[in-house]
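Taking it in order: structure first as structure tokens, then the write-up.
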Amino acid sequence: MKHASSHLLFVVFLCLFWRAHAACVYNREANAIWLYDYTEELPAAPRQILFADQVNDWGLVHYERSNDVYSINANLWVGRDNNTETFFQLGSPEHPNTTLIMNGNLVIYPASPQKINRMTLGCSGNTGIYAKLLFNNTPDATHTIHAGAYYRGRTMSAGVVNSGELHVYNGLLSSADPKYPIGRHLYLYLNKIIIENTVISRVTGTIGYGLNAKNSSIKNCIFEDSNNAFCWGPQVMRGVTFRRLKVAVSDSDRYPIAAILTECRFEDNEVNWSLCAGNLYLVDCDIKPPVKRNLYAARTNAVFKVRNSHIGGVSETKSAAEMRECIRAVSSRHVVIKVIDTYGRPVNNVIVMARCEQDDRIIRKALTGADGQTPGRNESGALLLDEWEESAGEIENQPAIRKYSYAVCITPRGGDQAQVLEDYFPTQSWQKVTVEVKK
């Protein structure tokens with residue numbers, strides 16, 4: 001009977017772990033459980049880690065079946081950089097509410113060129129799956145994500161290696177105890193980052209340390225109760241709520257920010273943004289005043305390094321005085337103009353031009369459709385008007401503020417231009433304005 005039980009255990013072990021040499025091993029020197037060579041079709045899951053722990057008697061993994069919670073008292077490494085691939089999945093239709101509590105660092109190893117090491121929380125398009133990744137820290141332990149990191153000697157440190165992937169759908173990434181947040185940053189030096197419909201909270205430093213517009217797709221998320229959301233370079237995000245952050249958006253004089261935030265919301269932040277070199281473009285955003293105030297470097301003494309593509313990518317020093325378009329935040333809103341004739345009938349195929357009354361260099365145009373309206377939401381060619389601009393002034397934290405209004409002109413089919421609306425302030429996104437043209 002004992003022999004039969006041992007044989008059954010061996011068969012189960014093979015079923016769980018023999019996946020084209022997939023492995024779950026323990027690196028005692030680094031106190032790390034190491035997952036590698038799991039395929040995209042058969043990814044690793046927490047149950048593989050639990051089974052390996054039980055078979056090898058590591059005593060590092062605890063599982064609460066009643067609420068599907070796994071706790072790992074070690075570091076967890078995903079993948080290798082030896083021309084192989086590894087996929088790790090947290091949350092599935094069979095386990096829709098899985099929680100993984102880390103009492104150690106989570107490491108996504110950099111992959112070799114053309115290979116992928118990926119960790120996924122949740123499933124794209126399936127809102128019924130809500131996976132949680134929590135870090136259980138203490139005053140003496142500050143665990144976090146190290147993505148794109150290497151094992152060097154006895155430690156795992158973040159390296160600027162843009163490799164590997166992190167996908168998070170409909171999940172939660174936070175600390176297990178509100179008193180001890182994730183520390184210091186979430187190090188995300190990755191090739192590809194997808195974060196959708198997810199809450200990320202309780203990070204001591206930066207939530208997206210390493211995020212940029214080239215490697216990330218961030219949509220409909222909440223970044224809250226942390227120091228800041230992101231801090232340099234090009235950024236593109238949509239539908240993100242920045243809530244209860246010390247400085248929601250932070251700039252860098254070494255890598256100036258160039259952020260485009262669409263349909264985002266700022267609320268209850270100490271500071272919404274701090275700009276010392278770059279630009280922040282806010283499209284159709286809802287911006288509540290910060291508890292303190294937004295911060296701007298003085299234009300007269302702001303000096304920073306920029307990477308100029310026209311001179312071979314060599315860094316050079318620039319002053320804000322030389323770059324008049326830097327250190328500013330601009331709010332813009334889409335509007336819809338409906339053109340009707342004197343009988344109330346829609347007028348199609350006419351050009352609608354909005355000319356800024358404070359700066360006639362700002363001109364926006366759109367064409368009406370069969371309904372007499374300029375393009376609406378989710379249509380190309382919609383009319384986007386700057387609402388206001390704050391730009392760095394001569395004195396620190398005293399930006400120059402400009403509010404914009406527009407004269408709306410219609411070019412009828414005959415070609416004669418008629419100004420039909422003056423002093424229009426775009427203060428509401430996708431507001432519909434009806435204008436009448438006469439023969």
Side-chain angles (χ1 to χ4, degrees), residues 9 12-40 42-65 68-82 84-92 95 98-111 116-121 131-138 141-159 163-168 173 175-176 182-183 186-187 190:
L9 184 62
V12 173
F13 183 87
L14 287 179
C15 290
L16 287 173
F17 289 96
W18 190 80
R19 299 179 173 185
H21 308 293
C24 180
V25 300
Y26 179 51
N27 184 322
R28 189 171 299 278
E29 181 184 21
N31 187 31
I33 297 175
W34 202 348
L35 293 168
Y36 54 83
D37 297 355
Y38 284 85
T39 66
E40 186 172 10
L42 294 171
R47 62 192 179 95
Q48 273 80 31
I49 304 172
L50 176 65
F51 190 81
D53 178 84
Q54 293 173 339
V55 168
N56 295 284
D57 199 25
W58 296 333
L60 300 173
V61 183
H62 177 71
Y63 178 56
E64 297 179 16
R65 186 180 300 276
D68 205 11
V69 175
Y70 293 84
S71 299
I72 299 179
N73 296 311
N75 300 312
L76 178 62
W77 299 356
V78 178
R80 296 186 292 178
D81 60 337
N82 65 342
T84 63
E85 294 187 323
T86 301
F87 295 82
F88 178 53
Q89 177 74 40
L90 181 64
S92 65
H95 295 272
T98 300
T99 298
L100 175 61
I101 300 176
M102 290 296 307
N103 294 288
N105 291 316
L106 171 64
V107 174
I108 302 175
Y109 241 72
I116 298 173
N117 291 331
R118 178 193 299 163
M119 178 170 182
T120 302
L121 277 72
K132 292 185 283 187
L133 173 62
L134 307 178
F135 289 86
N136 191 25
N137 290 327
T138 68
T142 55
H143 305 124
T144 186
I145 293 178
H146 288 280
Y150 283 104
Y151 176 60
R152 298 182 177 93
R154 302 178 67 87
T155 61
M156 177 63 70
S157 59
S163 183
E165 297 185 4
L166 174 66
H167 297 189
V168 187
L173 203 164
S175 66
I182 297 170
L186 296 180
Y187 296 95
L190 296 162

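We number each residue from 1, following the sequence as shown. None of the values given here were measured: they were computed from a predicted structure.
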- Query: Ignoring hydrogens and geometry, is there a side-chain-to-backbone donor-acceptor pair from Q89 to G91 under 3.5 Å?
  - Reply: yes
- Message: Using the rule side-chain hydrogen bond (donor to acceptor under 3.5 Å, both in side chains), only one of N103, N105, N137 pairs with H143; which is it?
- Response: N137
- To the nearest 0.5 Å, tell me how far Q54 CD sits from R47 CZ. 12.5 Å
- Nearest non-hydrogen partners of V78 and N117, listed with the distance: O-CB, 4.2 Å
- Contacts of T84 meeting side chain to side chain contact (heavy atoms under 4.5 Å, CB included) (sequence neighbours excluded), chain-then-number -> D37, R80, N82
- Note on the structure: Output for pair (L186 CG, F135 CZ), nearest 0.5 Å, gives 7.0 Å
- Item | Sole residue of I72, I145, L173, T144 in side chain to side chain contact (heavy atoms under 4.5 Å, CB included) with L106 | I145
- Point-to-point distance, once rounded to the nearest 0.5 Å, from CG of L76 to SG of C24: 8.0 Å
- Item | Backbone of A74 reached by a side-chain donor or acceptor of N31 within 3.5 Å | no
- Sorted by chain and residue number, the side chain to side chain contact (heavy atoms under 4.5 Å, CB included) partners of D68 (sequence neighbours excluded) come out as Y63, Y70, H95, T98
- Results of side chain to side chain donor-acceptor pair (under 3.5 Å) for H62 - residues two or more places apart only: none
- Message: Between Q48 and A45 (side chain of the first, backbone of the second, donor and acceptor by atom type, cut-off under 3.5 Å), is there such a pair?
- Response: yes
- Task: Taking all non-hydrogen atoms of both residues into account, name the closest pair between F88 and A44 and its distance.
- Result: CD1-O, 3.3 Å
- Item | For S92, all residues meeting side chain to side chain donor-acceptor pair (under 3.5 Å), sequence neighbours excluded | E94
- Task: Output all residues satisfying side chain to side chain donor-acceptor pair (under 3.5 Å) with N75, sequence neighbours left out; order by chain, then residue number.
- Result: none
- Query: Parallel, tilted or perpendicular: which fits the ring planes of W77 and Y109, with parallel below 30° and perpendicular above 60°?
  - Reply: tilted
- Task: Could you list the residues that satisfy side chain to side chain contact (heavy atoms under 4.5 Å, CB included) with E85, not counting sequence neighbours?
- Result: F87, K115, I116
- Message: Working to the nearest 0.5 angstrom, can you tell me the gap between T120 OG1 and L166 CG?
- Response: 7.5 Å
